[in-house]
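These notes concern the structure reproduced below.
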There are 2 protein chains.
Amino acid sequence: MSHISPPIERCDCEVIHQDVVNQVRSTLPSEESLYDLAELYKVFGDSTRIKILWSLDAAEMCVCDIAVLLNMTQSSISHQLRILKQAHLVKNRKEGKIVFYSLDDEHVRQILDQGMIHLTE
Amino acid sequence: MSHISPPIERCDCEVIHQDVVNQVRSTLPSEESLYDLAELYKVFGDSTRIKILWSLDAAEMCVCDIAVLLNMTQSSISHQLRILKQAHLVKNRKEGKIVFYSLDDEHVRQILDQGMIHLTE
DNA sequence: TGAACATATGAACAGTTGTTCATATGTTCA
DNA sequence: TGAACATATGAACAACTGTTCATATGTTCA
């Protein structure tokens, strides 16, 4: 039933297993979902943000606390917290002029743990 | 027992909760571990690599198959596969001149799933 | 109200990264 | 052996990203 497949112009090589390609294609999530997933991991893919997340896993903290803890400028931390918040990884509450940040939900912890498990193998 | 903390020169703001900072600092993994964790997520943080991983979750494939499936050049896919392999996310086996790639272990699936769960909330 | 302070933000710059192009490597088969 | 093909790789370029610097916003308190 399977014939030798004709070459496809977009790619600089022949299709080796067209049936496999078709099968896999049918199981792939939407382009948009995969893009969003990559964007999510991109947020985790920075040392500073990882440190912030791991810190907030231990305790709620204000921007200044985090800056001191990580020995970085307040501005830098603030920029990163904005990115983390946009990705729904952290949330904040205001108390006077102080803004306290914390992890948004339990999933964030699980994602961090899962990654760490992969490393320690 | 808690006194007002003196300002620390490295940061452009006062320490608000020195006790919290100290406590969190004691629970943080090593600088190196957190760096490695960020590096791991950085690998997941690219659309092309996410597509490759998700594809390999469905079936073992050769470089050419993936290139056709994702409508990208063989060179680009090959470059990305090297990065994925260095991160121990994929493995390969050779059969003549064809190289088949597959997910390295079960953790990769779990990390992908965990991320997707976070998105669909 | 105005000084002091915690936080946010825009612009700019340097460092990083993904793709492309050209080409190399390594395998098969006639 | 040499042509054909699957894959790998180095260099270069454009696009993206994190930090810094300057400054704005918003709150407290004397």
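Predicted model only: the values in this text are computed from it and were never measured. Proteins come first, then strands; the chains are lettered A, B, ... in the order of their sequence lines, and each starts at number 1. Any value given below was found using the heavy atoms of this structure, including those in side chains, with hydrogens, waters and symmetry copies removed.
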Might you work through the ring pair (Phe, Tyr, Trp, His ring centres under 6.0 Å) test for B/Phe44 and A/His118, ending with a clear yes or no? CA-CA 13 Å; B/Phe44 283 90; A/His118 179 83; 7.6 Å; no
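Under the 3.5 Å distance criterion, the side-chain polar atoms of A/Ser55 are matched with a main-chain donor or acceptor of A/Lys51.
A/Gln80 has a side-chain polar atom (N or O) that falls below the 4.0 Å cut-off from OP1 or OP2 of D/dT19. Close to C/dT19, at under 4.0 Å from its OP1 or OP2, lies a side-chain N or O of B/Thr48. When the side-chain nitrogen and oxygen atoms of B/Tyr101 are compared with OP1 and OP2 of D/dA6, none of them lie within a distance under 4.0 Å. For C/dA8, neither phosphate oxygen OP1 nor OP2 lies less than 4.0 angstrom from any side-chain nitrogen or oxygen of A/Arg82. Contact check, B/Thr73 against C/dT20: a side-chain N or O comes under 4.0 Å of OP1 or OP2.
Below the 3.5 angstrom threshold, one finds no donor paired with an acceptor across the side chain of B/Ser78 and the base of D/dT9. A donor N or O paired with an acceptor N or O is not found under 3.5 Å between the base of D/dT7 and the side-chain atoms of B/His79. A donor-acceptor contact under 3.5 Å is formed by the side chain of A/Gln74 with the base of C/dA8.
In this entry D/dA3 has C/dT28 as its Watson-Crick or G-U wobble partner, both defining distances falling under 3.5 Å.
Residue B/Asp46 contributes atom CG, which lies 6 Å from atom P of C/dT19 at whole-angstrom precision. Taking atom CG of A/Leu84 as the reference point, atom P of D/dT17 lies 14 Å away to the nearest angstrom.
The side chain of B/Lys97 lies closest to C/dT27 when the candidates are C/dA6, C/dT27, C/dG10. Set against C/dT20, C/dT9, D/dG26, the side chain of A/Ser75 has C/dT9 as its closest nucleotide. Among the nucleotides D/dT27, C/dT19, C/dT7, the one closest to the side chain of B/Ser76 is C/dT19.
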